[in-house]
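The structure appears below as structure tokens.
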Amino acid sequence: MNIETTSATASDVAASVDYDTLASGLTYSYADTFIMEDTEYRKLYLLEDVDDTIFEKINYFILRYNEMDDENKTPIKKRVPIKLYINSYGGSVYDGFGCIETIRASKTPVYGICFGYAMSMAFHIFANCHKRFATRSAILLNHEGVDGMCTHPSKLRDYMEFSDKINSRLNQYLCERTNLTMEQLREDERVESYMFADEAKEKGLVDVIVNNISDIK
């Protein structure tokens with residue numbers, strides 16, 4: 001495969017991998033090599049909107065790494081952490097919840113790493129990782145979200161009641177993983193709560209401010 005310099009996204013690169021070539025043992029590009037190395041070194045990327053494709057990928061790899069560690073009887077403290085790099089404006093609440101529950105259920109540690117921004121549902125995915133790293137000026141956003149799933153007025157009350165349950169559970173999880181209280185979170189529900197990572201660290205939303213790549217460990 002030829003090496004090309006393009007502005008392709010991570011998804012474009014992943015989709016372009018010639019798996020037949022990889023299986024045959026022939027020469028392959030740097031892009032293919034990096035993807036294989038990332039998989040081997042347990043690096044995952046959330047660089048797009050949170051949707052069913054993202055959930056499928058994150059869920060699959062976290063489950064597989066856990067299975068590998070279980071089969072090898074690797075003690076939890078000695079397991080190689082899964083590194084989830086997040087740079088996303090958010091997306092589907094339902095798919096985001098799937099990612100969160102998979103992360104919370106993982107015995108193998110999942111590290112959330114943010115160099116740019118983690119907003120809305122991506123914020124909650126980041127916050128629920130077992131250890132959270134961010135550069136000082138990475139931007140986090142917690143807010144109530146956008147409701148647009150209900151198209152039948154007669155069903156609106158049911159949908160709104162379930163939306164309240166969603167927000168309550170997300171807040172409950174934040175209380176478990178941060179210094180924030182339920183009262184504080186409820187007071188902020190109707191505002192757009194932007195913060196830099198160094199501000200978020202004071203609230204217990206970030207564990208390590210990254211000044212050097214070697215800080216991620």
Side-chain angles (χ1 to χ4, degrees), residues 10-11 42-67 69-70 76 79 81-134 138-149 159 161-182 184-186 188-189 192-195 197 200-201 203-208 216:
S11 296
R42 304 188 174 195
K43 294 181 180 180
L44 304 177
Y45 297 88
L46 198 180
L47 307 177
E48 303 156 352
D49 288 345
V50 179
D51 59 14
D52 57 339
T53 302
I54 289 294
F55 169 52
E56 179 182 352
K57 178 179 70 174
I58 290 176
N59 184 65
Y60 173 80
F61 281 107
I62 290 178
L63 291 177
R64 288 291 293 138
Y65 293 135
N66 273 269
E67 288 173 3
D69 289 339
D70 287 342
I76 293 176
R79 295 188 178 195
I82 301 162
K83 295 179 179 178
L84 177 59
Y85 291 83
I86 300 173
N87 200 64
S88 171
Y89 291 112
S92 165
V93 171
Y94 305 128
D95 293 305
F97 251 122
C99 295
I100 289 169
E101 295 298 344
T102 302
I103 290 169
R104 290 173 64 90
S106 175
K107 291 191 295 182
T108 300
V110 179
Y111 290 179
I113 301 162
C114 181
F115 288 164
Y117 47 87
M119 300 185 177
S120 195
M121 207 60 207
F123 163 85
H124 287 284
I125 293 172
F126 174 78
N128 278 278
C129 290
H130 300 119
K131 192 171 183 180
R132 298 147 307 178
F133 301 79
I139 300 170
L140 307 181
L141 166 64
N142 181 25
H143 65 172
E144 194 174 22
V146 178
D147 287 331
M149 297 291 291
Y159 181 68
E161 287 178 356
F162 188 64
S163 292
D164 288 340
K165 289 182 179 180
I166 288 173
N167 287 327
S168 293
R169 183 156 298 187
L170 288 173
N171 286 341
Q172 176 191 337
Y173 285 176
L174 286 176
C175 287
E176 294 173 6
R177 298 286 294 115
T178 71
N179 302 329
L180 297 169
T181 66
M182 186 64 75
Q184 289 174 314
L185 291 168
R186 284 175 177 162
D188 290 343
E189 270 186 356
E192 300 285 279
S193 184
Y194 288 94
M195 64 198 92
K201 189 175 188 298
K203 300 179 180 181
L205 287 159
V206 173
D207 297 302
V208 178
I216 303 172

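- Seen from the ring of Tyr173, Arg104 counts as a face-on cation partner, given the 6.0 Å and 45° thresholds.
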For a side-chain hydrogen bond (donor to acceptor under 3.5 Å, both in side chains) check, start with the C-alpha distance between His143 and Ser120, then their side-chain angles and the critical distance, and finish with the verdict.
CA-CA 6 Å; His143 65 172; Ser120 195; 2.9 Å; yes
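- Looking only at side-chain heavy atoms (C-beta outward), Ile100 and Leu170 come within less than 4.5 Å of each other.
- Of all heavy-atom pairs between Asp49 and Ser88, the closest is CA-OG, 4.1 Å.
- Contact record, Phe126 with Gly112: CE1-O, 3.5 Å, taken as the closest heavy-atom pair.
- Atom CG of Leu180 and atom CG of Asp188 lie 8.0 Å apart (nearest 0.5 Å).
- Remark: side-chain polar atoms of Ser168 are paired, donor with acceptor, to backbone N or O of Asp164 under 3.5 angstrom.
- Atoms OG and CG, from Ser106 and Asp69 in turn, are 8.5 Å apart once rounded to the nearest 0.5 Å.
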So Asn142 and Lys203, side chain to side chain contact (heavy atoms under 4.5 Å, CB included) or not? Walk me through it.
CA-CA 12 Å; Asn142 181 25; Lys203 300 179 180 181; over 6 Å; no
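- Across all their heavy atoms, Cys99 and Ile58 have their closest contact at SG-CD1, 3.9 Å.
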What verdict does the salt bridge (charged side-chain N to carboxylate O under 4.0 Å, His left out) test give for Asp52 and Lys57, after you've listed the backbone C-alpha separation in whole Å, the side-chain angles of each residue and the deciding distance to 0.1 Å?
CA-CA 9 Å; Asp52 57 339; Lys57 178 179 70 174; over 6 Å; no
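- The shortest side-chain heavy-atom distance between Phe55 and Asp51 does not fall under the 4.5 Å cut-off.
- Residues Ile113 and Lys131 fail the side-chain proximity criterion, which asks for heavy atoms closer than 4.5 Å.
- In this structure, Glu56 places its CD atom where only 12 or fewer heavy-atom neighbours from other residues, nucleotides or ligands lie under 6.0 Å away.
- The side-chain hydrogen bond (donor to acceptor under 3.5 Å, both in side chains) search around Asp207 returns Arg132, not counting sequence neighbours.
- Using a 4.0 Å cut-off between charged side-chain N and carboxylate O, Arg169 and Glu101 make no salt bridge.
- Side-chain contact between Met119 and Leu140 is absent, with no heavy atoms from C-beta onward closer than 4.5 Å.
- Side-chain N or O atoms of Thr181 include one that pairs as donor or acceptor with a backbone N or O of Gln184 at under 3.5 Å.
- Using cut-offs of 30° and 60° for the angle between ring planes, the Tyr117 and Tyr89 rings count as parallel.
- Looking only at side-chain heavy atoms (C-beta outward), Leu47 and Ile86 stay at 4.5 Å or farther from each other.
- The backbone N or O of Thr108 sits less than 3.5 Å from a side-chain atom of Asn66, completing a donor-acceptor pair.
- Looking only at distances, a side-chain donor or acceptor of His130 sits under 3.5 Å from a matching main-chain atom of Ile103.
- The closest side-chain heavy-atom distance from Thr53 to Asp95 is not below 4.5 Å.
- Considering all non-hydrogen atoms of both residues, Ala118 and Cys114 come closest at N-SG, 3.8 Å.
- Taken to the nearest 0.5 Å, the CG atom of Leu205 stands 11.5 Å off from the NZ atom of Lys201.
- Interatomic distance, Asn128 CG to Phe123 CZ, rounded to the nearest 0.5 Å: 9.0 Å.
- Using a 4.5 Å heavy-atom cutoff, the side chains of His124 and Val93 are not in contact.
- Tyr111 OH to Leu84 CG: the interatomic distance, rounded to the nearest 0.5 Å, is 13.5 Å.
- Arg64 places no side-chain N or O within 3.5 Å of a backbone atom of Asn59 that could act as its donor or acceptor partner.
- Contact between Cys175 and Leu185 at its shortest, heavy atoms only, is SG-CD1, 3.7 Å.
- Atom CD1 in Ile125 sits 10.5 Å away from atom CZ in Phe97 (nearest 0.5 Å).
- Listed for the Lys83 side chain is no donor-acceptor partner under 3.5 Å among the backbone atoms of Tyr45.
- Between Thr178 and Leu174, the shortest heavy-atom distance links the atoms OG1-O, 2.6 Å.
- Side-chain contact between Asn87 and Leu46: absent, with no pair of heavy atoms (C-beta onward) separated by less than 4.5 Å.
- Tyr85 and Phe115 have perpendicular rings, their planes meeting at more than 60° on a 0 to 90° scale where under 30° would count as parallel.
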